[in-house]
Amino acid sequence: SLPFGSKVSDDILTADSSIVCPLGDKFNVGATVWQNYTISDNGQQNILMGPNAQWNITDNVNLNGSVAIPVYQNVNASAEQNYVMSASLSIKF
């Protein structure tokens, strides 16, 4: 789901901060903090944090995954999140 539900009429400011610790040549683990804010007088805030991992399968293929749980939410009830999971596969040509 979107950070603030399915409809947002205000601008959104998003920040993503990560720290990564390499474990060998091909594997990295770390932590990420996601921050989402609406730009308005009665704006909503959503801050999530959790672990992430990156596996460099080859020089051209990377697999990433992360899990985040909310540490602070000031949102309406329909936009409240319990957790967020994400995964990505990147291929360089």
Side-chain angles (χ1 to χ4, degrees):
S1 67
L2 296 173
F4 302 112
S6 60
K7 296 180 182 178
V8 176
S9 60
D10 299 317
D11 294 328
I12 297 176
L13 175 66
T14 301
D16 182 349
S17 304
S18 296
I19 186 166
V20 175
C21 178
L23 297 176
D25 293 338
K26 298 202 176 273
F27 196 69
N28 300 322
V29 295
T32 303
V33 176
W34 292 272
Q35 303 171 36
N36 301 299
Y37 302 96
T38 59
I39 312 297
S40 65
D41 293 336
N42 59 350
Q44 300 180 69
Q45 302 89 33
N46 192 346
I47 301 174
L48 301 100
M49 65 185 309
N52 63 41
Q54 178 183 20
W55 178 26
N56 300 318
I57 300 169
T58 68
D59 289 340
N60 295 332
V61 179
N62 297 333
L63 181 63
N64 301 291
S66 64
V67 176
I69 58 170
V71 293
Y72 175 76
Q73 292 189 90
N74 177 17
V75 297
N76 60 29
S78 65
E80 191 170 301
Q81 295 176 324
N82 295 322
Y83 62 91
V84 175
M85 296 178 67
S86 64
S88 67
L89 176 66
S90 62
I91 302 171
K92 301 175 190 173
F93 292 98

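All values reported here derive from a predicted model rather than from experimental measurement.
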Notebook entry, point to check: Has Ile19 got more than 12 heavy atoms of other residues, nucleotides or ligands less than 6.0 Å from its CD1?
Noted result: no
Item checked: CG-OG distance between Leu63 and Ser88, expressed to the nearest 0.5 angstrom -> 7.0 Å
Check: What's the shortest heavy-atom distance between Thr32 and Ser18, and which atoms?
Finding: OG1-OG, 3.0 Å
Checklist line | Heavy atoms from other residues, nucleotides or ligands near CG of Asp59 exceed 12 (cutoff 6.0 Å) | finding: no
Item checked: Within one Ile-Leu-Val-Met-Phe-Trp-Tyr cluster: Val67 and Val33, side-chain cutoff 4.5 Å -> no
Check: For the hydrophobic clusters of this structure (ILVMFWY residues joined by side-chain heavy atoms under 4.5 Å, transitively), does one cluster hold both Val20 and Phe27?
Finding: no
Next item on the list: Following the transitive rule for hydrophobic clusters with a side-chain heavy-atom cut-off under 4.5 Å over Ile, Leu, Val, Met, Phe, Trp and Tyr, establish whether Leu48 and Val71 coincide in one cluster.
Entry: no
Checklist line | 4.5 Å side-chain heavy-atom contact, Asn28 and Asn56 | finding: yes
Notebook entry, point to check: Of Thr14, Asp16, Asn46, which is the lone residue that meets side-chain hydrogen bond (donor to acceptor under 3.5 Å, both in side chains) with Asn36?
Noted result: Thr14
Note to self: Quick check against the 3.5 Å criterion: does Asn52 have a side-chain atom that pairs as donor or acceptor with the backbone of Gly30?
What the structure shows: yes
Margin query: Any non-hydrogen side-chain atom of Lys92 less than 4.5 Å from a side-chain atom of Asn62?
Written below: yes
Item checked: Interatomic distance, Trp34 atom CH2 to Met49 atom CE [nearest 0.5 angstrom] -> 9.5 Å
Next item on the list: Working to the nearest 0.5 Å, report the span between CG of Leu23 and CD of Gln54.
Entry: 11.5 Å
Notebook entry, point to check: What heavy-atom pair brings Lys26 and Ile57 nearest, and what distance separates the two atoms?
Noted result: NZ-O, 3.8 Å
Check: Do Trp55 and Val61 have side chains that get closer than 4.5 Å, going by heavy atoms?
Finding: no
Note to self: Are there over 12 heavy-atom neighbours, none belonging to Asp25, within less than 6.0 Å of that residue's CG?
What the structure shows: no
